[in-house]
Amino acid sequence: MRLLIMGPQGVGKGTQAELLSKYFNIPAISTGDIFRYNLKNETPLGLEAKAFIDKGLLVPDELTNKIVKDRLAKDDAKNGWVLDGYPRNASQVEALDTILEELGTPLDHAVALNADRQVLIERMKKRAEIEGRADDTPEIIAKRLDVYAHETEPLLAIYKKRGALVEVDGVGEVETISKNIISALK
Ligand code: AMP
């Protein structure tokens, strides 16, 4: 199973990606997590990405696309994956299409989780208290939601047109949402 999990920040993509990963026995690949790992370890990639992440902006496509290309080519991704936080703009959709064509592995579905903005802001405030993420301050949260609305949300229409989009309500119990996603994928 090759899946995208899409939706705004705070909607629960990471949690649902982990549950899908267990259910289908595929790796959950989060570009945000890869960047955070590199930031923490002060790798050249982390240092390059830092200024963008700190401002709530997208890291340049060239860097991001390369990370995804390398990650999807790894052995553990041969039987599928769930990609969380990528693609985030139209050019990343094109890059992903090319990567998947080269690997000869088409995408199965794009899962979109929905929730309204106020619910998202509240969830991210809670997450900030628990995880202490540097980019979960009110200003940066607002910026990231704006970037999502302008650059990422329009991508849902692309996957819908391709007949690949599965839309699920992202508000409610984690287990219920997970069941709804899995039954929508069957
Ligand atoms: P996330 O945890 O997915 O919200 O990602 C945290 C930050 O990492 C984002 O605000 C971006 O700065 C960066 N990032 C993650 N995924 C991408 C992507 N696909 N393209 C560009 N930047 C990304």
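Computation of the quantities below employed the complete heavy-atom set of this structure, encompassing side-chain atoms and omitting hydrogens, waters and symmetry-equivalent molecules. Whatever order the structure lists ligands and atoms in, that order sets their numbers, starting from 1.
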Of all the atoms in ligand 1, which lie at a distance below 4.0 Å from a heavy atom belonging to Tyr86?
->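 Close to Tyr86: 19 (N).
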Report, in ascending order of atom number, the atoms of ligand 1 lying under 4.0 Å from any heavy atom of Arg144.
->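 Those atoms are 4 (O), 10 (O).
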Side chains of [X] and [Y]: does their closest heavy-atom pair fall under 4.5 Å?
X	Y	result
Ile140	Asp136	no
Ile181	Gln16	yes
Tyr86	Val93	no
Gln92	Asn65	yes
Asp54	Asp135	no

Should the proximity of Thr64 to ligand 1, defined as any heavy atom under 4.0 Å, be assigned to the side chain, the backbone, both, or neither?
->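 For Thr64, only side-chain atoms sit under 4.0 Å from ligand 1.
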Quick one: look at Lys13 and ligand 1, take heavy-atom pairs under 4.0 Å, and tell me if it's side chain, backbone, both or neither.
->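 No part of Lys13 comes within reach of ligand 1.
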Report the distance from atom CG of Leu120 to atom CD of Gln9, rounding to the nearest 0.5 Å.
->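 Going from the CG atom of Leu120 to the CD atom of Gln9 covers 8.5 Å.
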Interatomic distance, Leu45 atom CG to Asn38 atom CG [nearest 0.5 angstrom] |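 Going from the CG atom of Leu45 to the CG atom of Asn38 covers 4.0 Å.
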To the nearest 0.1 Å, how far is atom 23 (C) of ligand 1 from its closest protein heavy atom, and which atom is that?
->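 Looking only at protein heavy atoms, the one closest to atom 23 (C) of ligand 1 is Phe35 CE1, 3.7 Å.
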Nearest neighbour in protein (non-hydrogen) for atom 20 (N) of ligand 1 |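 Nearest protein contact, heavy atoms only, for atom 20 (N) of ligand 1 is Gln92 NE2, 2.9 Å.
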Heteroatom distance test (Val59, ligand 1): nitrogen or oxygen, under 3.5 angstrom |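 Between Val59 and ligand 1, an N or O pair is found under 3.5 Å apart.
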May I ask you to check whether Gly85 has an N/O atom sitting below 3.5 Å from an N/O atom of ligand 1?
->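 In this structure, Gly85 places an N or O atom under 3.5 Å from an N or O of ligand 1.
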Compute the minimum heavy-atom distance from Arg133 to ligand 1 and say whether it is under 4.0 Å.
->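 Contact check Arg133 vs ligand 1: positive.
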Using non-hydrogen atoms of the residue, decide whether Arg36 is closer than 4.0 angstrom to ligand 1.
->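 Contact present.
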When hydrophobic residues are tied together by side-chain contacts of less than 4.5 Å, even through go-betweens, does Ile67 share a cluster with Leu4?
->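 Same cluster.
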Out of Asp54, Leu57, Thr31, whose heavy atom is nearest to atom 15 (C) of ligand 1?
->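 Shortest heavy-atom distance from atom 15 (C) of ligand 1: Thr31.
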Using heavy-atom distances, let me know which of Arg88, Lys143, Glu151 sits nearest atom 3 (O) of ligand 1.
->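 Minimum heavy-atom distance to atom 3 (O) of ligand 1 goes to Arg88.
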